[in-house]
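Please read all numbers here as calculations on a predicted model, not as lab measurements.
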Amino acid sequence: MAQPRSAPPPAEGAGPVVGVLWMVITGILFVGVTAVVKHLGGRIPAAEAAFLRYALGLLFLLPMLPALRAARLDRRAIGLFSLRGAAHTLGVVLWFFAMTRIPIAEVTAMNYLSPVYVTLGAALFLGERLAARRIIAVVCALIGALIVLRPGVRALDPGHIAMLGTAVFFAMSYLVAKVMADRQNPTVVVAMLSITVTIGLAPLAALNWVTPTLIELAWLMLVAVLATCAHLTMTLAFRAAPVTVTQPVTFLQLVWASALGWAVFDEGLDGWVILGGVIILGSVSFITWREAMMKRRATRLAADHH
């Protein structure tokens with residue numbers, strides 16, 4: 001999953017152990033989201049399921065209304081929020097579709113590609129420097145993706161292609177968020193994402209609407225609750241410890257996803273998927289560590305000049 005540009009200062013009494021624990025909980029919650037969507041199956045079209053999840057999640061925006069009212073959004077801000085909403089909308093639809101087609105472990109492993117695409121996008125569009133070591137890490141991550149997919153060795157499902165698209169669109173969404181983070185209240189950035197994605201999904205859902213049962217609505221409400229709690233605990237993890245400490249813990253998501261797929265959904269354990277996921281996550285962890293070191297160095301140089 002894409003990481004925030006910079007974490008707030010550690011909370012008093014917090015530390016690496018607390019950050020790791022919050023990140024472990026975050027991983028469990030995100031795997032729970034994946035499992036519930038998998039359990040729902042494909043009766044409800046992907047776009048509709050995604051729309052209902054976000055529409056139900058709008059309830060969590062009520063505490064954010066004061067910040068939204070106070071925000072002064074000019075034409076450029078509205079345009080960027082709309083662009084982010086459009087990219088995230090496509091990513092969400094593709095993710096919901098992939099969940100009905102391929103094993104949970106493969107969805108989880110391929111989802112690790114988003115930070116890699118963010119690194120490439122930041123270099124191409126935001127002018128960030130792409131050093132040789134980071135290029136090598138990106139190449140290793142792409143090799144890991146090839147190990148997961150193994151094109152030519154096995155038949156690729158449309159779900160695999162959907163996950164490649166998901167990672168690209170989520171990376172686009174995060175890059176816009178990086179731009180907006182310096183200009184808007186973080187609460188506004190989060191709220192506008194939920195609003196724009198809900199609006200973006202509405203017409204796609206209407207194209208092929210299947211009336212959900214009350215039980216299906218309850219499951220989708222659970223998805224919204226789990227996802228909201230996951231984002232909260234992830235924020236607490238970033239407050240408690242550096243991203244370089246919490247990033248490697250996300251590997252546990254792949255372990256739990258593989259175990260859950262095997263135990264609950266009768267999905268076989270694929271060693272190649274786990275190997276590819278480990279390589280991708282190792283590359284992402286290295287990129288995260290390098291970025292943290294560069295920021296620390298820049299901060300130290302700035303302090304020396306003063």
If Ile, Leu, Val, Met, Phe, Trp and Tyr residues are connected whenever their side-chain heavy atoms lie under 4.5 Å apart, and connections chain through other members, are L120 and I135 in the same group? yes
Applying ring pair (Phe, Tyr, Trp, His ring centres under 6.0 Å), which residue pairs with at least one partner in residues 261-284 are found, sequence neighbours left out? none
Do Y117 and L146 belong to the same hydrophobic cluster, where Ile, Leu, Val, Met, Phe, Trp and Tyr are linked whenever their side-chain heavy atoms lie under 4.5 Å apart, directly or via other members? no
Pairs in or reaching into residues 77-106: which pass salt bridge (charged side-chain N to carboxylate O under 4.0 Å, His left out), with residues at least two apart or in two chains? R101-D157, E106-R154
What pairs of residues pass the salt bridge (charged side-chain N to carboxylate O under 4.0 Å, His left out) test when at least one of them lies in residues 17-43, not counting sequence neighbours? K38-E267, R43-E216
Partners meeting side-chain hydrogen bond (donor to acceptor under 3.5 Å, both in side chains) with T233 (sequence neighbours left out): T26
Are any non-hydrogen side-chain atoms of F81 and V176 less than 4.5 angstrom apart? no
D270 versus V148: any side-chain heavy-atom pair under 4.5 Å? no
Yes or no on side-chain contact (heavy atoms from CB on, under 4.5 Å) for I25 and L29, after CA distance, side-chain angles and deciding distance? CA-CA 6 Å; I25 295 171; L29 290 169; 4.0 Å; yes
Can you name the closest pair of heavy atoms from W95 and V37 and give their distance? CZ3-CG2, 3.8 Å
Could I get the full list of side chain to side chain contact (heavy atoms under 4.5 Å, CB included) partners for V24, not counting sequence neighbours? V20, I28, V249, L252, W256
Non-neighbouring partners of L59 that pass side chain to side chain contact (heavy atoms under 4.5 Å, CB included), sequence neighbours left out: M221
When rounded to the nearest 0.5 Å, the distance separating CD1 of I44 from OG1 of T100 is 12.0 Å
State which residues pass side chain to side chain contact (heavy atoms under 4.5 Å, CB included) with D74; sequence neighbours excluded, sorted by chain then number. R76, A77
Please report the shortest heavy-atom distance between L220 and A49, naming the atom on each side. CD2-O, 3.6 Å
Worked check of side-chain contact (heavy atoms from CB on, under 4.5 Å) between V118 and F170: CA-CA 9 Å; V118 167; F170 279 166; over 6 Å; no
Can you list every side-chain hydrogen bond (donor to acceptor under 3.5 Å, both in side chains) pair that touches residues 85-94, not counting sequence neighbours? H88-S173
Which pair of heavy atoms, one from F51 and one from A205, lies closest together, and at what distance? CB-CB, 3.8 Å
On a heavy-atom basis, the closest approach of V197 and G85 is CG2-O, 3.9 Å
I need the full list of side-chain hydrogen bond (donor to acceptor under 3.5 Å, both in side chains) pairs touching residues 47-60, with sequence neighbours left out, sorted by first then second residue. none
Partners passing side chain to side chain contact (heavy atoms under 4.5 Å, CB included) against L94 (at least two apart in sequence or in another chain): A162, T166, F169
Interatomic distance, CG@L80 vs OG1@T196, rounded to 0.5 Å, equals 11.5 Å
Roughly how far apart are S283 OG and Y112 OH, rounded to 0.5 Å? 12.5 Å
How close do A257 and T108 get, counting heavy atoms only, and between which atoms? CB-OG1, 3.3 Å
To the nearest 0.5 Å, what is the distance between OG1 on T198 and CG on L58? 4.0 Å
Can you get from L214 to V210 by hopping between Ile, Leu, Val, Met, Phe, Trp and Tyr side chains that sit under 4.5 Å apart? no
Straight-line distance of I78 CD1 to L73 CG, nearest 0.5 Å: 5.5 Å
Suppose the criterion is ring pair (Phe, Tyr, Trp, His ring centres under 6.0 Å): which pairs have a residue in residues 191-223, not counting sequence neighbours? H39-W219
Taking atom CG of L207 as the centre, does the number of heavy atoms from other residues, nucleotides or ligands within less than 6.0 Å exceed 12? yes
Hey, quick one: are L156 and I102 part of the same hydrophobic cluster, counting side-chain heavy atoms closer than 4.5 Å, chains of contacts allowed? yes
Before you tell me yes or no, could you show the steps for L40 and M99 under side-chain contact (heavy atoms from CB on, under 4.5 Å), namely the whole-Å CA-CA distance, both residues' side-chain angles and the distance that decides it to 0.1 Å? CA-CA 10 Å; L40 275 170; M99 276 306 311; over 6 Å; no
Within this structure, what is the OG-CE distance for the pair S114 and M172, rounded to the nearest 0.5 Å? 12.0 Å
Path from F97 to L113 over hydrophobic side-chain contacts below 4.5 Å: no
For L217 and P212, work out which heavy atoms get closest and say how close. CD2-CG, 3.9 Å
